[in-house]
Asks: 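Starting off with a structure, shown below.
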Amino acid sequence: MVNKAPNPEFLRRAIALATENVTSGRGGPFGAVVVRDGEIVGEGANHVTCSNDPTAHAEVVAIRAAAQKLGTFLLAGCELYTSCEPCPMCLAAAYWARVDAIYYGANAADAARAGFDDAYLYGEIRKSQPERALPATQMLKDEAWTSFEAWIGSADKVKY
């Protein structure tokens, strides 16, 4: 992990993307940039409503753009600057991308005050599967394992 001093200009860019997104009517008040070696390599704004994609949060859009530009799904050596503290999905995406650090402006309480409350999701994640509001039922366990067997035996796999 690289230990770099955060640059407020990158956070200002994420905030500007968030504000432009709202004023242009494209979506919610969230913006993000991915930075590597002092350069923005991906940026995004919330496109959930304009793309009808519930996963098109600013952080995910920025991570996808950075991965595309850099030609890799691993963003080690990169930092994520986001206008607001990431929701559970975006936080997980940052972990999966292996970014080195996250810097954010507004926090989860600020987002809740504006009508974007993630407390419910954090509460659901802490519950055991049977206690969650969204039912999830395991089926075809043995058949599903065959894809993992194929992975384990594959000489061409790319570990991540």
Asks: Just wondering, more than 12 heavy atoms not from E20 lying within 6.0 Å of its CD?
Replies: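 Count over threshold, so yes.
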Asks: Indicate the atoms forming the closest heavy-atom contact of V61 with A45, along with that distance.
Replies: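 Looks like CG2-O, 3.8 Å.
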Asks: Under 4.5 Å between any side-chain heavy atoms of E79 and V99, yes or no?
Replies: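 A side-chain contact is absent here, since even the closest heavy-atom pair is not under 4.5 Å.
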Asks: Test side chain to side chain contact (heavy atoms under 4.5 Å, CB included) on H57 and N46; report intermediate values, then the result.
Replies: CA-CA 5 Å; H57 288 202; N46 180 288; 4.2 Å; yes
Asks: Are the side chain of R26 and the backbone of H47 linked by a donor-acceptor contact shorter than 3.5 Å?
Replies: no
Asks: What pair of heavy atoms forms the shortest contact from G28 to V22, and how long is it?
Replies: C-CG2, 3.8 Å
Asks: Quick one: are C87 and F116 in side-chain contact, heavy atoms under 4.5 Å?
Replies: no
Asks: Please round to the nearest 0.5 Å and tell me the distance separating atom NZ of K69 and atom CD1 of I40.
Replies: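 It is 9.5 Å, given to the nearest 0.5 Å.
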Asks: With the 4.5 Å side-chain cut-off for hydrophobic clustering, are W96 and L74 part of the same group?
Replies: yes
Asks: So how far is it from Y81 OH to L17 CG, rounded to the nearest 0.5 Å?
Replies: 14.5 Å
Asks: Any side-chain to backbone donor/acceptor pair from S83 onto G31? Under 3.5 Å, distance only.
Replies: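 Yes; at least one donor-acceptor contact below 3.5 Å.
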Asks: Identify the heavy atoms of P8 and P6 that sit nearest to each other, and give their distance.
Replies: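 Closest heavy-atom pair between P8 and P6: CD-O, 3.6 Å.
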Asks: Identify the heavy atoms of S51 and A56 that sit nearest to each other, and give their distance.
Replies: OG-CB, 3.8 Å
Asks: Count the heavy atoms of every other residue, nucleotide or ligand shown that sit under 6.0 Å from NZ of K127, and state whether that count exceeds 12.
Replies: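 More than 12 within 6.0 Å, yes.
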Asks: Heavy-atom distance under 4.5 Å between the side chains of P88 and D118, does that happen here?
Replies: yes
Asks: List the atom of V60, the atom of M89, and the distance in Å for their closest heavy-atom pair.
Replies: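 So the two residues come closest at CG2-CE, 4.2 Å.
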Asks: Is it true that T55 and D53 share a donor-acceptor pair across their side chains at a distance under 3.5 Å?
Replies: yes
Asks: R132 side chain to E124 main-chain N or O, any donor-acceptor pair under 3.5 Å?
Replies: yes
Asks: What's the separation between atom SG in C50 and atom CG in N21, rounded to the nearest 0.5 Å?
Replies: 6.5 Å
Asks: Quick one: which of I15, V34, L80, V33 gives a side chain to side chain contact (heavy atoms under 4.5 Å, CB included) with F10?
Replies: V33
Asks: For the pair F148 and W151, evaluate ring-ring contact (aromatic ring centres under 6.0 Å, His included) and give the outcome as yes or no after the intermediate values.
Replies: CA-CA 5 Å; F148 289 110; W151 170 260; 8.8 Å; no
Asks: Indicate the atoms forming the closest heavy-atom contact of P135 with Q129, along with that distance.
Replies: C-NE2, 4.4 Å
Asks: May I have the step-by-step check of side chain to side chain contact (heavy atoms under 4.5 Å, CB included) for T146 and E149, ending in yes or no?
Replies: CA-CA 5 Å; T146 60; E149 286 176 332; 4.1 Å; yes
Asks: Is there a path of hydrophobic side-chain contacts, each under 4.5 Å between heavy atoms of I, L, V, M, F, W or Y residues, that connects Y104 with V35?
Replies: no
Asks: State yes or no: do I102 and L70 share one hydrophobic cluster built from I, L, V, M, F, W and Y residues joined by side-chain heavy-atom distances below 4.5 Å, directly or via other members?
Replies: yes
Asks: Apply ring-ring contact (aromatic ring centres under 6.0 Å, His included) to residues F73 and Y160 and explain how you reach the verdict.
Replies: CA-CA 8 Å; F73 56 87; Y160 59 96; 5.7 Å; yes
